[in-house]
Amino acid sequence: MAAVLALLCGVAMLAATALAAAAGNADAWVALGFGAVLVPPAAVLGVVVARRREVARVGLLLAFLGLTVALVVLKETFWQALAHRWPESKTDYAELAAVLDQSAIWVLVAVALLLLHFPDGRVPGPRWRAVPAVLVLCAVVDETFVAFEASKFRPPMSDVERPWDPLPEWLTAVGFVFFGTQLVLALACAVSLVGRYRRGDDVTRARLRWLALAGLAVPLYPALCLLEIALWGRPLWFSSGVALAGLVGIPVTTAIAMLRHDLYDVDKVLAGAVTYALVTASLIGIFAGGAFVGGLVLGRGSAGAAAAAAALCAVALTPLRTRLQRAVDARLYPRRRSALTAVAALARDAGAGTASPEALEAVLRDALRDPTLRVGYRVPGAAGYVDAAGEPVAATGGVRVELDGREIGVLVGTGRPELLRQVAAGAATLVEVVRLRLEVAQALREAESSRARLLVAGFEERRRLERDLHDGAQQRLASLGMSLRLAQRHLGDGTVDVDGLLDAAVAELGTALAELRAIAYGLRPGRLDDGLDAALADLIRRVPVTVELEFDADRLPDEIATTAYYLVSEAIANVVKHAGADRIALRVTRTAECVSIRITDDGRGGAVLSGRSPLADRVAALGGTLTVESPVGRGTVIEAVLPCAS
């Protein structure tokens, strides 16, 4: 049905365009321009809204509003064409002019019905069910009674005589009753929105606030019009522009309310519109007052009076806007204002040392009246977000908190996303403070844990050395000593094969030396004395997997080279044991600031680096970073960056 009404709107506007072209005068084009601004948005948006079944009636009424305006425009352009193109035929249409004389009243009926059924397509209650029918009946009766009026038609039909005699006075009085009833019902439809707002949920209220945004033009237009008359003696373009914006705003804000009420924060938009409307009205009032007083002193029309009025406006502009913005925000945008004020107070108290920034979540809960609100912080090493106590925070449906383009946290709550985004922007500095405190605390815990693990590893390595010496070289040296003592005692009696005993002792000594070298090599590879590249080349020769080495680094400090060697050694050992890789790529590069070691394999992937692994401890001990990327089935990439300033 809405599509049919939209199609009729298009037909009416096309006919009006042809008539305006035939009339060829400014009034016809002005009427057509008015329709071109209002009819298309009402018709198109009506069809779009009507596609949603639950609010189809609102879309239908929106399209009906567009059709009533289109018919009024068609009527006006027809009268203009008739008057300027075929003036001799004007009297032939006297009956039609009488019948359509009050047709603009249907625009009021359409607006009233739209308000009555907004935003869910139903009337507010059982007592309102008869209002649409009574409203339409009153409009029909009113239009009928007006057809019999005695007054002249409006231009350009003012020279055409009325076709019918006026009605008796008592019957005219009845017509006024219907007209008054119609106005009262239209006003009641607008007032019904107040009750809907009080009883409605958050979504209903947000939709009603969108409609109220367009309704600002209703009180603003007559006020500006009066001021323009007071200043310049006649209404000017500014008040007309406000009125036109209000008329266009009705279909636009209705469509936004129905389709995307959360597209923007309507509270912010409404507060801004009210603020600037009040600022504009106040400045015009100040200018009028200044010009009036200046005119009394300097003379009417004096340039000095105008300059003094302009100076008063300039002086009042900034503080006036700021104070009005605060007052309007506090009245129309209380949660945003309350939240930002609470955040500012917490930041001030935290800076003075009288409050903890970790109280941000509790402060925002109170300010936004949302006990479920959570503040999550992005901490390095964590899989998701954590709260101030380090517990995970689910970020589903949350709003990201960003600072300088970096994501530092998240706000999760039941408030509107736009409101949360503004609060997130206002609280970004506090979120960053808490996040840094969490990061520092985590780094301290990791440092303490790493130090403890290094101590344990040192003790275990020492016990392993003691065990290897005791079970290996120590036993061999003890056996060697006993063999030499036995050879000494029986050197001259010929009962012992001294030569054989010495040969066995020499062999045992060689084995002991080899074991001692192996132990010493485990502490620090001797090839590192020739450089990291030589040690790595020696290492990969013993690996049963093809290793491609790319080395681009000058001679490194010993601690850096030793750490890099053990990192590569352990990583390659893990690849050989667990990855099932056929190829390993090893690249060592150095810049002015650091050394990068990158080990890549084509294995099965799926490796997980534990924060307590020896690899991570070795790298962290030098202040470096270690990352592991190991998607399943796509190999593993291990990269360590060690600081190494030249």
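Just the heavy atoms: all of them, side chains too, but no hydrogens, waters or symmetry mates, feed the values below. Here the structure is a predicted model, which means the values were calculated and not measured.
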(message) If I take atom OG1 from residue Thr68 and atom CG from residue Leu38, how far apart are they, to the nearest 0.5 angstrom?
(response) 8.0 Å
(message) For Trp128, give me all partners under side chain to side chain donor-acceptor pair (under 3.5 Å), at least two apart in sequence or on another chain.
(response) none
(request) Using salt bridge (Lys or Arg N to Asp or Glu O under 4.0 Å) as the criterion, list what pairs up with Arg598, not counting sequence neighbours. (result) Glu639
(message) Using 0.5 Å steps for rounding, measure from the CG atom of Leu642 to the CD1 atom of Ile597.
(response) 4.0 Å
(message) I'd like to know if the side chain of Arg435 reaches the main chain of Tyr377, judged simply by a donor and an acceptor atom lying under 3.5 Å from each other, with no hydrogens or angles considered.
(response) no
(message) Check this for me: Arg127, atom CZ, are more than 12 non-hydrogen atoms of other residues, nucleotides or ligands nearer than 6.0 Å?
(response) no
(request) Rounded to the nearest 0.5 Å, what's the gap from SG on Cys138 to CG on Leu183? Could you check? (result) 9.5 Å
(message) Within the structure provided, determine whether Thr354 and Arg348 are in side-chain contact (heavy-atom separation under 4.5 Å).
(response) no
(message) Can you confirm whether Val123 sits close enough to Val131 that some side-chain heavy atom of one is under 4.5 Å from a side-chain heavy atom of the other?
(response) no
(request) To the nearest 0.5 Å, tell me how far Leu60 CG sits from Leu65 CG. (result) 11.5 Å
(request) Indicate the atoms forming the closest heavy-atom contact of Ala427 with Val343, along with that distance. (result) CA-CG1, 3.9 Å
(message) I need the Arg378 CZ to Arg406 CZ distance, nearest 0.5 Å.
(response) 12.0 Å
(request) Decide whether Ser356 and Glu358 meet the rule of one side-chain donor and one side-chain acceptor closer than 3.5 Å. (result) yes
(request) Could you tell me whether Arg374 atom CZ has more than 12 heavy atoms of other residues or ligands within 6.0 Å of it? (result) yes
(message) Tell me if a side-chain donor or acceptor on Asp387 pairs with a main-chain N or O of Ala389 at a distance below 3.5 Å.
(response) yes
(message) Let me confirm one number: the CG-CD1 distance from Asn574 to Ile599, rounded to the nearest 0.5 Å.
(response) 10.0 Å
(request) Locate the shortest heavy-atom distance separating Leu135 from Ala112; write the atom from each residue and the value. (result) CD2-CB, 3.6 Å
(message) With a 4.5 Å cut-off on side-chain heavy atoms, are Leu373 and Leu420 touching?
(response) yes
(message) If you compare all heavy atoms of Cys9 against all heavy atoms of Val39, which two are closest, and at what distance to 0.1 Å?
(response) CB-CG1, 3.8 Å
